[in-house]
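All remarks here apply to the structure that follows.
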Amino acid sequence: MSLCIYVDGKFHTKREDATVCVYDHGLLYGDGIFEGIRVYNGRVFKLDEHLTRLYESAKSIMLTIPLNASEMRSAVVETVKRTGLKEAYIRLVVTRGVGDLGLDPRKCSKPTVIIICDQIALYAKEKYEKGLRVVTCSTRRNRPDSLNSEIKSLNYLNNILAKIETFRVGAEEGIMLNDSGYVSEATADNIFVVKHGRLTTPPAFMGLLEGITRNTVIDIARGMGYKVLEMPLSINDVYAADECFLTGTGAELIPVIESDGRQIGDGKPGPNFLRMLERYREITRTEGVSVYS
Ligand code: PMP
């Protein structure tokens with residue numbers, strides 16, 4: 001078996017059996033939250049950090065998850081175990097649940113809990129070796145007083161519109177600015193630049209999702225003796241960087257070699273990026289919640 005989908009307590013092995021009602025407000029309104037988590041070497045990487053963020057997102061949107069964190073942890077581990085996979089991707093989704101055709105969340109009596117354990121490949125393998133060409137998108141990241149980007153909600157249209165812009169001009173990723181014009185993040189990944197051996201990434205208040213991979217890279221880099229700054233970045237800082245890379249659970253660490261037609265550094269994945277990637281690979285093999293023992 002290589003696929004397992006949990007829906008409200010039941011496990012399914014076929015996509016077509018794992019269904020939700022069309023009146024679910026996750027579908028009708030994007031009313032819900034989610035997490036993307038990876039399994040490396042039979043271990044769920046940073047599971048507790050993902051669960052913490054999930055429950056914080058739930059609190060922000062006033063959604064009470066029907067499972068407590070320890071039950072959710074067990075459900076995630078059980079879903080992975082049933083696939084038998086050692087390398088996998090988990091998509092954990094909690095929607096407001098089934099309601100009527102109006103917005104009113106009070107009419108949704110029970111949130112829907114979905115845990116999908118499958119595979120994911122976000123970028124072609126050669127992009128990890130050669131690097132991505134990115135463009136700055138005109139679609140801005142949400143203002144924190146409209147939909148705070150620190151909530152990992154099911155509302156991704158903002159990011160998807162930016163992604164569409166990216167493809168339309170033949171680039172592989174897009175950089176999103178916040179409403180003040182500072183760099184926020186890529187369409188679904190955080191961004192780092194390296195300049196004179198120092199790493200900089202925008203702070204969470206720049207309108208980004210505070211990525212768990214981002215925080216892992218910060219820890220890795222500091223542990224390796226790098227100076228890491230969480231500071232506002234302009235797009236000009238990206239053009240002038242020695243190196244640039246993106247981070248995310250799905251994307252992992254991926255280099256950026258060109259931004260808006262400007263070559264970054266010498267146009268190849270840089271040595272600091274490669275050191276960071278090597279360390280990331282090491283820790284993902286050895287850390288995490290063991291599924292099979
Ligand atoms: N920003 C956005 C908008 C995201 O959706 C994600 C997750 N794909 C990230 C950043 C990276 O977060 P994480 O490292 O926790 O996966």
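Every value quoted in this text rests on a predicted model; they were computed, and no experiment measured them. Read the numbers this way: they start at 1 and go in the same order the structure lists the ligands and their atoms.
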*Would you give the length of the straight line joining atom CD of E185 to atom OG1 of T201, rounded to the nearest 0.5 angstrom?*
9.5 Å
_Please check whether T249 reaches ligand 1 - meaning an N/O of the residue sits under 3.5 Å from an N/O of the ligand, judged on distance alone._
yes
*asked:* With a cutoff of 4.0 Å, is R141 in contact with ligand 1, counting heavy atoms of the residue only?
replied: yes
_Heavy-atom contact check, 4.0 Å cutoff: does N190 meet ligand 1?_
yes
*Please check if I264 and F245 belong to a single hydrophobic cluster, counting links between Ile, Leu, Val, Met, Phe, Trp and Tyr side chain heavy atoms closer than 4.5 Å.*
no
*Out of L51, I33, L47, which residue meets the side chain to side chain contact (heavy atoms under 4.5 Å, CB included) rule with L92?*
L51
*To which protein heavy atom is atom 5 (O) of ligand 1 closest, and what is the distance rounded to 0.1 Å?*
Y156 OH, 2.4 Å
*asked:* Looking only at protein heavy atoms, which one is nearest to atom 12 (O) of ligand 1, and what is the separation?
replied: G211 CA, 3.3 Å
*Can you find an N/O atom of T187 closer than 3.5 Å to an N/O atom of ligand 1?*
no
*Looking at side-chain heavy atoms only, is the closest gap between R91 and D118 below 4.5 Å?*
no
*Before signing off on this row, confirm whether H50 and ligand 1 have an N or O atom pair separated by under 3.5 Å.*
no
*asked:* Regarding ligand 1, does N159 bring an N or O atom to under 3.5 Å of one of the ligand's N or O atoms?
replied: no
*Which option out of G248, A188, A251 puts a heavy atom nearest to atom 8 (N) of ligand 1?*
A188
_Test item: M276 and L199 side chains (from C-beta on) under 4.5 Å apart, heavy atoms_ = yes
*Rounded to the nearest 0.5 Å, what's the gap from CG on N148 to CD1 on I61? Could you check?*
12.5 Å
*Option among K125, K127, R214, R281 that satisfies the salt bridge (charged side-chain N to carboxylate O under 4.0 Å, His left out) test with E252*: R281
*Would you please determine whether E210 falls within less than 4.0 Å of ligand 1 on a heavy-atom basis?*
no
_Considering non-hydrogen atoms of the protein only, which is the closest contact for atom 14 (O) of ligand 1, and what is the distance?_
T213 OG1, 2.6 Å
*Looking only at N/O atoms, are R214 and ligand 1 under 3.5 Å apart anywhere?*
no
*E287/K46 under side-chain contact (heavy atoms from CB on, under 4.5 Å): CA gap, chis, key distance, verdict*: CA-CA 8 Å; E287 289 183 12; K46 301 280 177 193; 4.1 Å; yes
*asked:* Evaluate A186 for polar contact with ligand 1, using N/O atom pairs at a separation under 3.5 Å.
replied: no
*Check whether any heavy atom of K152 sits under 4.0 Å from an atom of ligand 1.*
yes
*asked:* Does ligand 1 come near enough to I212 that some N or O of the ligand is less than 3.5 Å from an N or O of the residue?
replied: yes
*In terms of the angle between their ring planes, are Y280 and F45 parallel, tilted or perpendicular, with boundaries placed at 30° and 60°?*
perpendicular
*For R96 and Y29, does a side-chain donor sit closer than 3.5 Å to a side-chain acceptor?*
no
*To the nearest 0.1 Å, how far is atom 10 (C) of ligand 1 from its closest protein heavy atom, and which atom is that?*
E185 OE1, 3.3 Å
